[in-house]
2 protein chains.
Amino acid sequence: MKRPTISDIAAECGVSLSTVSLVLNNNPRISEATREKVWKAVEKFSYYPNVQARGLAMCASQVLSVVVPNLRHVFSDIYFGEIISGIYDAATQANCKVILDIANEKFVERHEHMSLLKSRRVDGMLFIASSVEHEYLFDFEKTSYPFMLVNHYFPGHSLNYIVFDYNQSGRISAEHLLGLGHRSIGIITGLNTYTGRSLSESFRTTCIGAGLSEKDLPLTDCGPEWSEGAGEEAARRLVEANPSITALMCGNDRMAIGALRYLHTRGIRVPEQMSVIGMDDIPRATYTTPGLTTIHHSLYEIGRLACERLLSLFRGEIKTCSEVLPVNLVVRESTATPASR
Amino acid sequence: MKRPTISDIAAECGVSLSTVSLVLNNNPRISEATREKVWKAVEKFSYYPNVQARGLAMCASQVLSVVVPNLRHVFSDIYFGEIISGIYDAATQANCKVILDIANEKFVERHEHMSLLKSRRVDGMLFIASSVEHEYLFDFEKTSYPFMLVNHYFPGHSLNYIVFDYNQSGRISAEHLLGLGHRSIGIITGLNTYTGRSLSESFRTTCIGAGLSEKDLPLTDCGPEWSEGAGEEAARRLVEANPSITALMCGNDRMAIGALRYLHTRGIRVPEQMSVIGMDDIPRATYTTPGLTTIHHSLYEIGRLACERLLSLFRGEIKTCSEVLPVNLVVRESTATPASR
DNA sequence: GGCCTTTATTAAAACGTTAAAGCCTTCCGG
DNA sequence: CCGGAAGGCTTTAACGTTTTAATAAAGGCC
């Protein structure tokens with residue numbers, strides 16, 4: 001039952017503790033003969049180094065925390081799932097483990113964003129989709145602990161982040177719809193993130209630059225969930241209050257799918273009577289009827305990159321990070337020239 | 001930058017290390033005065049105990065691993081997501097953290113199921129939906145490390161598990177369809193798990209007990225993915241090869257939803273021309289058209305219970321665990337009396 | 001042969017906590 | 001007045017690594 005330790009290996013081989021440690025860490029200053037002898041004993045005893053002792057000595061835990069918001073079914077959400085996959089792969093490649101955290105009241109109240117780092121439980125933290133009101137994150141400005149905001153940022157605060165270019169997303173989708181001839185477009189997005197806000201801002205700015213006015217661009221805040229249900233409800237409100245709109249721009253694909261569902265139940269044909277454009281390009285966007293036109297955001301990739309940057313921060317290779325990733329339009333069947341009325 | 005340690009607190013308060021340690025661990029043998037003095041200093045220095053040192057001294061990491069299979073989009077799958085939510089909540093309540101692991105080739109080849117425990121990285125492991133071929137799990141029979149199989153088991157092997165009563169699920173769904181008058185029923189399930197196998201076994205046994213014959217009960221193995229796509233494809237094969245069937249029994253709701261999609265594209269009306277019954281009762285089962293009749297499996301609950309049992313195993317309160325959870329039928333609109341032909 | 005370098009190994013000091021055992025006081029009953 | 005117990009705190013030895021500086025041995029050069 002007692003687990004073997006480094007001294008058992010040392011005793012078996014007739015060498016010192018440090019020799020064993022050096023062999024295990026592939027230090028070249030050890031002779032081939034001893035090296036082999038040690039590995040044999042390691043094999044024989046089925047020895048694995050105690051990571052806590054190692055962590056204590058090296059001041060590193062080889063664990064990263066990924067923090068997701070407190071939403072229902074957050075662990076079955078494609079948005080978070082893809083990002084987490086990217087993080088997992090990058091972390092695994094660097095021999096790190098990933099722990100899960102949810103930013104609920106308890107998390108905030110216990111200051112876990114700091115205590116996890118201060119107590120050396122994790123080497124760094126990744127925050128996915130934090131909301132504008134998550135001001136506890138500002139604590140990081142005063143310290144130098146490794147952390148990254150993934151696809152979110154706080155304007156005017158120096159917090160490390162990596163985001164998709166939501167300005168570009170807004171501009172591209174506006175240009176696409178304007179190019180098809182739409183002159184009155186409804187906007188569905190959450191305003192609980194600065195990315196959502198900059199998306200609607202740049203979309204509107206582009207449209208207004210093309211001659212549209214504010215009142216041609218009604219907006220509905222879908223709330224913090226960004227779900228199909230929220231998109232369905234927002235589409236309903238928007239279409240009922242603004243009969244003249246011929247297109248809907250949605251802050252993510254899940255809401256766009258919700259909008260499609262609403263339009264379907266109301267018998268409004270897409271794209272003939274109403275164009276719909278989404279954002280993210282999740283796998284399901286291919287299977288909707290009609291196929292969803294959308295802006296491609298590589299969620300897996302942003303997760304992977306965020307994790308790599310975090311590790312660079314931890315190793316001191318970089319001091320800060322503020323990176324913006326390009327996006328691109330994917331045209332499918334849900335957008336078309338509006339029917340002349 | 002240097003983090004405060006227990007000795008800084010001790011020095012500040014003019015007491016010994018152990019006194020501080022005892023205060024931090026709420027030991028009653030310390031006077032109220034000292035207790036207060038120490039907490040003040042802890043607050044002042046914003047001190048958090050080093051978890052690695054604590055773990056080393058206590059021989060516990062306060063970390064659990066949850067292992068999921070190597071499937072595409074596994075972190076956005078409702079089945080795993082709900083179970084992980086349950087595990088997360090139970091672990092958090094016990095002051096434990098949860099790390100994520102994927103049972104891919106690398107995981108198996110590196111014997112991570114053992115090394116994580118032997119290296120004291122985790123206190124216990126939870127395996128969700130392992131497949132019949134995951135024979136590396138048999139290693140646990142020879143040892144006494146804490147682990148649990150969640151909603152899976154290996155007949156003939158003494159491995160801790162907690163499962164839904166798939167025999168009951170098979171029997172109940174069979175009785176429901178037989179009661180409606182169906183005499184020829186297609187079965188869609190994965191045969192890569194023993195739960196899937198026992199489901200189809202008990203379903204068939206019940207039907208045969210009611211006078212049906214083997215050839216009235218064609219079965220299609222949907223493969224290891226248990227996804228909508230797999231369900232759609234399996235339904236196609238089954239319906240094309242067996243025109244006489246009037247109902248489909250599916251191993252989970254996702255495949256049932258895929259089957260509904262196939263039937264819809266072929267213009268086969270549900271439930272008039274074909275009844276469909278699913279399994280799990282995921283949230284989406286309420287929103288399908290028609291609403292999906294299914295067997296309710298409380299996935300969150302099985303995750304929560306599995307984690308609690310794992311912690312009991314770790315604390316030595318129990319030696320083994322083999323628990324079976326009851327299920328119940330949820331009748332919606334996707335099943336009905338077959339049209340007489 | 002003496003001196004310097006290189007190579008292979010080790011002793012010992014961290015790393016920051018817990019816990020068993022022990023040491024003073026103080027209190028109490030006889 | 002003494003023995004024993006209880007309360008409050010400390011001493012010290014783990015826990016199992018890494019790492020720096022030191023040591024010993026061997027080899028090369030003059």
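Chain A is the first sequence line, chain B the second, and so forth, proteins listed ahead of strands; every chain is numbered from 1.
An OP1 or OP2 oxygen of dC15(C) is reached within less than 4.0 angstrom by no side-chain nitrogen or oxygen of N50(B). For Y48(B) and dG16(C), the shortest distance from a side-chain N or O to OP1 or OP2 is not below 4.0 Å.
Residue side chain R29(B) reaches the base of dG8(D) through a donor-acceptor N/O pair under 3.5 Å, judged by distance alone.
dT17(C) atom P lies 17 Å from atom CG of N27(B), rounded to whole Å. Per the geometry, CE belonging to M58(B) stands 13 Å off C1' belonging to dG16(C), to the nearest Å. Regarding D8(A), its CG atom lies at a distance of 9 Å from the P atom of dG16(D), rounded to whole Å. The CZ atom of F45(A) sits 15 Å away from the P atom of dG16(D) (whole-angstrom rounding). Separating the CD1 atom of I9(B) from the C1' atom of dG16(C) is a distance of 13 Å, rounded to the nearest angstrom. Between the CZ atom of R121(A) and the P atom of dC15(C) there is a distance of 22 Å, given to the nearest Å. Atom CD1 in I6(A) sits about 11 Å away from atom P in dT19(D), given to the nearest Å. What separates CG of N25(B) from P of dC9(D) is a distance of 16 Å, to the nearest Å.
The residue S31(B) sits close only to the backbone: its heavy atoms come under 4.0 Å of sugar-phosphate atoms, none of a base. If you check every strand for non-hydrogen atoms under 4.0 Å, T5(A) touches sugar and phosphate atoms only. V51(B) comes within 4.0 angstrom of nothing in the nucleic acid, heavy atoms only. Backbone-only engagement by T34(A) is indicated by non-hydrogen atom pairs under 4.0 Å involving sugar-phosphate atoms exclusively.
Place T19(B) and V20(A) on DNA chain D by their nearest nucleotides, and T19(B) ends up nearer the 5' end. Comparing G14(A) and R120(A) along DNA chain C, the residue whose closest nucleotide (by nearest heavy atom) sits nearer the 5' end is G14(A).
The side chain of P49(B) lies closest to dT17(C), out of dT10(D), dG16(C), dT17(C). Among the nucleotides dT10(C), dT17(D), dT17(C), the one closest to any side-chain atom of A53(A) is dT17(D). Closest to the side chain of Y47(A), from the set dT17(D), dT10(D), dG16(C), is dT17(D). Nearest nucleotide to the side chain of S16(B), out of dT10(D), dG16(D), dT17(C): dT10(D). Closest approach to the S21(A) side chain among dT18(D), dC9(D), dT17(C) is made by dT18(D) (side chain taken as heavy atoms from C-beta onward).
Note: F127(A) and F107(A) have perpendicular aromatic rings, judged against thresholds of 30 and 60 degrees for the angle between ring planes. Taking the six-membered ring where the residue is Trp, H134(A) and Y136(A) present tilted rings, their angle falling between 30° and 60°.
Results of the ring-ring contact (aromatic ring centres under 6.0 Å, His included) test with Y161(A) over F154(A), Y153(A), F140(A) single out Y153(A) as the only residue that passes. Under the side chain to side chain contact (heavy atoms under 4.5 Å, CB included) test applied with L64(A), the options V122(A), I87(A), L311(A), I99(A) reduce to a single match, L311(A).
Using a 4.0 Å cut-off between charged side-chain N and carboxylate O, E112(A) and K118(A) make no salt bridge. Ion pairing of E317(B) with R309(B) is absent here, as no side-chain N (NZ or NE/NH1/NH2) approaches a carboxylate O to less than 4.0 Å. The residues E301(B) and R304(B) are annotated as salt-bridged, a charged nitrogen and a carboxylate oxygen being separated by less than 4.0 angstrom.
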Listing time: all N or O pairs from protein to nucleotides 12-14 of chain C that are below 3.5 Å?
none

Does the salt bridge (charged side-chain N to carboxylate O under 4.0 Å, His left out) test come out yes or no for K40(A) and E43(A), once each step is laid out? CA-CA 5 Å; K40(A) 274 232 174 69; E43(A) 196 74 19; over 6 Å; no
